[in-house]
Amino acid sequence: MFSRLNQYRTMWVLVFFDLPTDTKTHRKAAARFRKDLLDDGFAMFQFSIYMRHCPSKENALVHIKRTKRALPKHGKVGIMQITDKQFGMIELFIGQKETLPETPSQQLELF
């Protein structure tokens, strides 16, 4: 039987951005974009990289659509989807010490 949550069906959405902060208006737009990502369940991976675990590709598309609606007028934003299996192959280092990726927090699904 097909498992509802498996490493090839569950997805990670990563949002990469480089937003201008040279004016008060730009700083406010960048802060708003970050807040919108956090409000939609994204977590900071690095300062300009946010990630979100999604139980399916369909769910990932919902969050991608929300992110696109929140795009600021200026700057560069990239959105990438990868499977949980691919995410599990990330090698992370703090300094020269390898660390394990953080496990996602449990999310409640209501259907």
Side-chain angles (χ1 to χ4, degrees):
M1 177 165 173
F2 179 71
S3 172
R4 190 161 165 221
L5 295 176
N6 70 46
Q7 293 180 317
Y8 297 99
R9 181 160 164 71
T10 59
M11 304 292 293
W12 286 88
V13 176
L14 289 95
V15 178
F16 310 90
F17 54 91
D18 186 11
L19 303 177
T21 57
D22 52 336
T23 67
K24 186 175 182 178
T25 303
H26 286 161
R27 285 189 297 277
K28 188 173 182 178
R32 178 82 230 164
F33 185 64
R34 283 188 190 94
K35 184 178 181 325
D36 288 343
L37 290 173
L38 293 170
D39 289 347
D40 193 31
F42 283 82
M44 185 188 296
F45 185 69
Q46 291 184 356
F47 185 68
S48 293
I49 303 173
Y50 283 66
M51 64 183 187
R52 188 182 200 294
H53 184 261
C54 298
S56 68
K57 183 160 182 76
E58 296 78 18
N59 182 258
L61 293 174
V62 167
H63 295 287
I64 289 169
K65 186 182 274 189
R66 285 184 193 153
T67 300
K68 287 179 179 179
R69 281 197 307 258
L71 290 174
K73 290 183 181 181
H74 304 283
K76 296 178 185 176
V77 177
I79 302 171
M80 180 172 66
Q81 302 172 62
I82 60 173
T83 65
D84 191 50
K85 180 72 173 175
Q86 291 167 320
F87 185 80
M89 293 186 289
I90 292 176
E91 293 183 71
L92 297 174
F93 298 86
I94 297 177
Q96 292 185 353
K97 183 177 180 184
E98 187 170 4
T99 62
L100 297 173
E102 290 183 25
T103 55
S105 59
Q106 283 287 43
Q107 293 186 350
L108 179 64
E109 280 189 63
L110 300 175
F111 289 96

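For the numbers below, each heavy atom of this structure counts, side chains included, while hydrogens, waters and symmetry mates do not.
Note on Tyr50: it does not cluster hydrophobically with Phe16, by side-chain heavy-atom contacts below 4.5 Å among ILVMFWY residues. Put simply, Val13 and Phe45 are part of two different groups of oily side chains (I, L, V, M, F, W, Y) that touch within less than 4.5 Å, one to the next. Note on Trp12: it does not cluster hydrophobically with Ile79, by side-chain heavy-atom contacts below 4.5 Å among ILVMFWY residues. One hydrophobic cluster, built from ILVMFWY side chains closer than 4.5 Å, holds both Met51 and Leu92. Linking ILVMFWY residues whenever their side-chain heavy atoms come closer than 4.5 Å, directly or via other members, leaves Leu37 and Met80 in distinct clusters.
Taking 4.5 Å as the limit, every side-chain heavy atom of Phe42 sits out of range of all side-chain heavy atoms of Arg34. By the 4.5 Å heavy-atom criterion applied to side chains, Arg69 and Asp36 are not counted as neighbours. Contact of the Lys68 side chain with the Lys65 side chain is not registered, since no non-hydrogen atoms from C-beta on lie closer than 4.5 Å. Asp84 places a side-chain heavy atom less than 4.5 Å from the side chain of His53.
Minimum interatomic distance between His63 and Asn59 (heavy atoms only, all atoms of both residues): CD2-O, 3.1 Å. The nearest pair of heavy atoms linking Gly75 to Pro20 is CA-CD, 3.6 Å. Heavy atoms only, all atoms of each residue included: Pro55 and Thr10 are closest at O-CG2, 3.6 Å.
Distance CE/Met11 to CD/Glu58: 9.5 Å, rounded to 0.5 Å. From Ile90, atom CD1 reaches atom CD1 of Ile82 across 4.5 Å, with rounding to the nearest 0.5 Å. In this structure, OG1 in Thr23 is found 8.0 Å from NE2 in His74, a value given to the nearest 0.5 Å. A distance of 12.5 Å separates OG1 in Thr83 from CZ in Arg9, rounded to the nearest 0.5 Å.
The backbone N or O of Asp40 lies less than 3.5 Å from a partner atom in the side chain of Arg52, making a donor-acceptor pair. Side chain of Arg27 to main chain of Thr21: a donor-acceptor pair is present (N/O by atom type, distance under 3.5 Å, no hydrogens or angles).
Below 30°, between 30° and 60°, or above 60°: for Phe17 and Phe33 the angle between ring planes is above 60°, a perpendicular geometry.
Within a 6.0 Å radius of CZ in Phe47, other residues, nucleotides and ligands contribute 12 heavy atoms or fewer.
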